[in-house]
Amino acid sequence: MSENVVHLHEHTDTPGAVDTAPTVLTVVPDAPAARPVPLWVRSGRAVKTAVMHERTRSAGRAVVRHGLYTFNGGRIAARRAWDGRTGSRYERMIRAAEAAGNLEAAEEWEERLQRFRAARHHRRMDLLHSPVDAAKGVAVGAGMSVGVLVALGVVLAISTGQAADVVTPLNATIDFIALLIRIVQIVWGPAVTIGPFLALLALWSVGRKQHAAPQWALPANVRSGEGEPITPSIVVKALRDLGVPALARAIKEMGDAGASMLGPITIAGCGVEVDVTLPSGVSTNEVQSKRRKLAENLTRHEHEVFITIPQAARTVRLWIADSGALDEPIGPSPLVTDETMTADYKKGKAPWGQDLRGDAAALSLYQRHLLITGLSNQGKTVALRSLALWLALDRSVEFLIGDLKGVGDWAMFDGLATTLIQGPTDEHVIQVTEMVESAVDEMNRRIQAPPGTTFPALIVLVDEAQMAFMCPAKDEDKRPYGGSKANSRYFMAVRKIHNQGRAVNVLMWQGTQDPTNENLPKLVREGAHTRASLALGTESQARMALGDKAVDGGAAPNLLRPGLDRGTLVVASDGITIPAGQSSITVRTHYIDDDAATAITDRAKALRDGVTTLHAIEHKEEHDPLADIAAVIGDATRVRTKDVLARLATRNPSAYGEWSFIDLKRVLDDAGAEPYKSDGVMVVSRDRVARALTNRDTDGSASAE
């Protein structure tokens, strides 16, 4: 049974006052008894608070820092003294030259080492004879000095007439020496006492100048390293501390001469660039895989260091940005600032942005299929649209545009594009698929034209193409619009344009999100000549977007920062200038907003006579080619194929006006009514066509039942 706690409430007032209020007793059932906090708990909390206090931590770092300054300063001074007295410095240079494969430099340093050793041997041999020579020198010098002093005293005595002045110069010299001895005796004690402290102060100064302490113990302004210039020693130390044992051992053997691994550090845009020749036993991918640690060792963020593989063997190329430089905007597009700019599809290049060096990055679009991928809301549509905006300033270029996002990003192309379909539904995917298939028909017409015929560019552009690949809708023949199988209508139409469209200037441009095998089939992504990617989530997605060659060569869109690196692309294409030995280039694209894009399309529309934009695919009138062929043959037993084509064109010009013998033969072969030769000319048999119609109708009825 729990005890009740009785609280006695007494009216209290000023001390000494008489209290006339009654005492009140309050009974509180089951009130828990208050337990005092143990002393050891309170002491532990106090100790924890004191230890975790910022002042305590700062004081601890200061003690460690200055102690290590002195200790490591002594090590540095001892190392310098050892290098000055021995040939270790020359030996390190020889090992460094051998590691770099520079035999001429190794021979030169070996010759210098031999000269150093010969000079040191000569000095040591001189030291063997120096005591005797020194004693003789002292004796001769002392005798000469006494003789001079005595002679001076004789002259002085003759001058004064006092014989005692003969020893006056000698006595003055002895008194001067005694004074010097007295001064040394007075100073010696304090010097012996203060000397060690002065020596420690000198060692501390050496350590402080070299920042010879752990990073966590250094002052905040030194520890941050913001804006610290990149020097050979900093790069070597960063590589040494990278965590690659073979690399660390090689650099340790080379000592400070590890800088011999480095090529010239050159200014490259908003950063610097340097080639690093790795020692034997270290592969380039070991450095590539530690990009973040290397960046931190260089006092940079991960996105401020790029590692690529040039043509030279065992070499990595480092591009290191100035701190914070990549977070600054690059300025407006020339399309916005230059209202007189025009485009040339064949010879010109689209001003897309800037590379990391700060140089203008321009892309050739001539006969190149295009694919841009990236996570959502990273600037994919703007990057794709800026290329279309430039190309729109070439009045000969025709656009078929399908925007499967449908939020108006491409609305300014209304009146400029021949077809503009906007919307995210399956019906819009069907319309876009039929638009691409119409481009395939145009491509086939161009292919069948006489050799040497030239055609203007036809750009088939589909934004958010993953919607088309993932569409579950099927047509009346049960063929799916989406997917990546041979019966997929959108997939096969894109593949046909990729296979043959380039030769007749029918080009496929696609923008898609988050590439996977489901929403971007392998055959489609590999059919693009220009592949670009914004920020992605994983390396596997980067390989899907750009290909294995680009990623193995250092392309890493998966390391771009989503949201922060919006509009930054990694591009793999022969249409853009890429540094020698690299397989990709990073481009920071210009941002063109909707208002500026509308102004550019207005200029493009002014270059044209007027374009009527279709917002849906118009279906042609239904016709039956086999029945039409039977109708134009009539009662004749057989008719020449040439006459059949002419009669078909007269019967239905829109359907058969552009038919060739190949089209006629394809229909007849499929029906089993193949044309044949009669009297040396190709003819079509009435009986064969009639039999094919009968068989087709019978098969259709049977299948319907």
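Without hydrogens or angle criteria, Asn558 side chain to Ala542 main chain gives no donor-acceptor distance under 3.5 Å. The backbone N or O of Lys347 sits less than 3.5 Å from a side-chain atom of Asp344, completing a donor-acceptor pair. With Asp475 contributing its side chain and Arg479 its backbone, the two residues share a donor-acceptor pair below 3.5 Å. For the pair Ser386 (side chain) and Ala383 (backbone), a donor-acceptor distance under 3.5 Å is present. In this structure a side-chain-to-backbone donor-acceptor pair under 3.5 Å is present from Tyr345 to Gln367. No side-chain donor-acceptor contact under 3.5 Å links His590 to the backbone of Trp352. When atom types are taken as modelled, the side chain of Arg317 and the backbone of Thr308 share no donor-acceptor pair closer than 3.5 angstrom.
When all heavy atoms are compared, the tightest approach of Ile592 to Ala597 is CG2-N, 3.7 Å. Taking each heavy atom of Val611 and Ala417 in turn, the nearest pair found is CG1-O, 3.6 Å. What you find for Phe469 and Gln510 is that their closest heavy atoms are CE1-OE1, 3.6 Å. Of all the heavy atoms in Leu393 and Met341, the pair that sits closest is CD1-O, 3.4 Å. The nearest pair of heavy atoms linking Val432 to Leu404 is CG2-CD2, 3.7 Å. The two residues Arg531 and Arg543 come nearest to each other via the heavy atoms NH2-O, 4.1 Å.
Summarising the local packing, CZ of Arg446 is surrounded by more than 12 heavy atoms from other residues, nucleotides or ligands at distances under 6.0 Å. No more than 12 heavy atoms of other residues, nucleotides or ligands sit less than 6.0 Å from atom NZ of Lys496. Residue Lys665 places its NZ atom among 12 or fewer non-hydrogen atoms of other residues, nucleotides or ligands, all under 6.0 Å distant.
Under the 3.5 Å distance criterion, with hydrogens and angles disregarded, no donor-acceptor pair is assigned to the side chains of Glu539 and Gln541. In this structure, a donor-acceptor pair under 3.5 Å is absent between the side chains of Asp359 and Gln354. Side-chain atoms of Arg368 and Ser573 include no donor-acceptor pair closer than 3.5 Å. In this model, a donor atom of one side chain and an acceptor atom of the other lie less than 3.5 Å apart for Asn517 and Arg525.
Glu339 and Arg603 are not joined by a salt bridge, as no carboxylate oxygen comes within less than 4.0 angstrom of a charged side-chain nitrogen. Using a cut-off of 4.0 Å between Lys/Arg side-chain N and Asp/Glu carboxylate O, Arg666 and Asp663 are scored as salt-bridged. Salt bridge present: Lys380 and Asp463 bring a charged side-chain N and a carboxylate O closer than 4.0 Å. Salt bridge Asp594/Arg385: present, at least one basic N to carboxylate O contact under 4.0 Å. Salt-bridge check for Asp609 with Arg395: passed, with a basic side-chain N closer than 4.0 Å to an acidic carboxylate O.
Using cut-offs of 30° and 60° for the angle between ring planes, the His498 and His369 rings count as tilted.
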task: Mind running side-chain contact (heavy atoms from CB on, under 4.5 Å) on Trp410 and Thr381 for me, showing each step along the way?
output: CA-CA 9 Å; Trp410 297 88; Thr381 296; 3.8 Å; yes

- request: Kindly determine whether Thr601 and Leu389 satisfy side-chain contact (heavy atoms from CB on, under 4.5 Å), including the steps that lead there.
  value: CA-CA 7 Å; Thr601 53; Leu389 288 172; 3.5 Å; yes

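Contact annotation: the side chain of Met435 approaches that of Ile421 to within less than 4.5 Å [non-hydrogen atoms, C-beta and beyond]. Side-chain contact between Ile309 and Asp552 is absent, with no heavy-atom pair separated by less than 4.5 Å.
With a 6.0 Å cutoff to the six-membered ring centre and a 45° limit on the axis angle, Arg291 counts as a cation-pi contact of Phe306.
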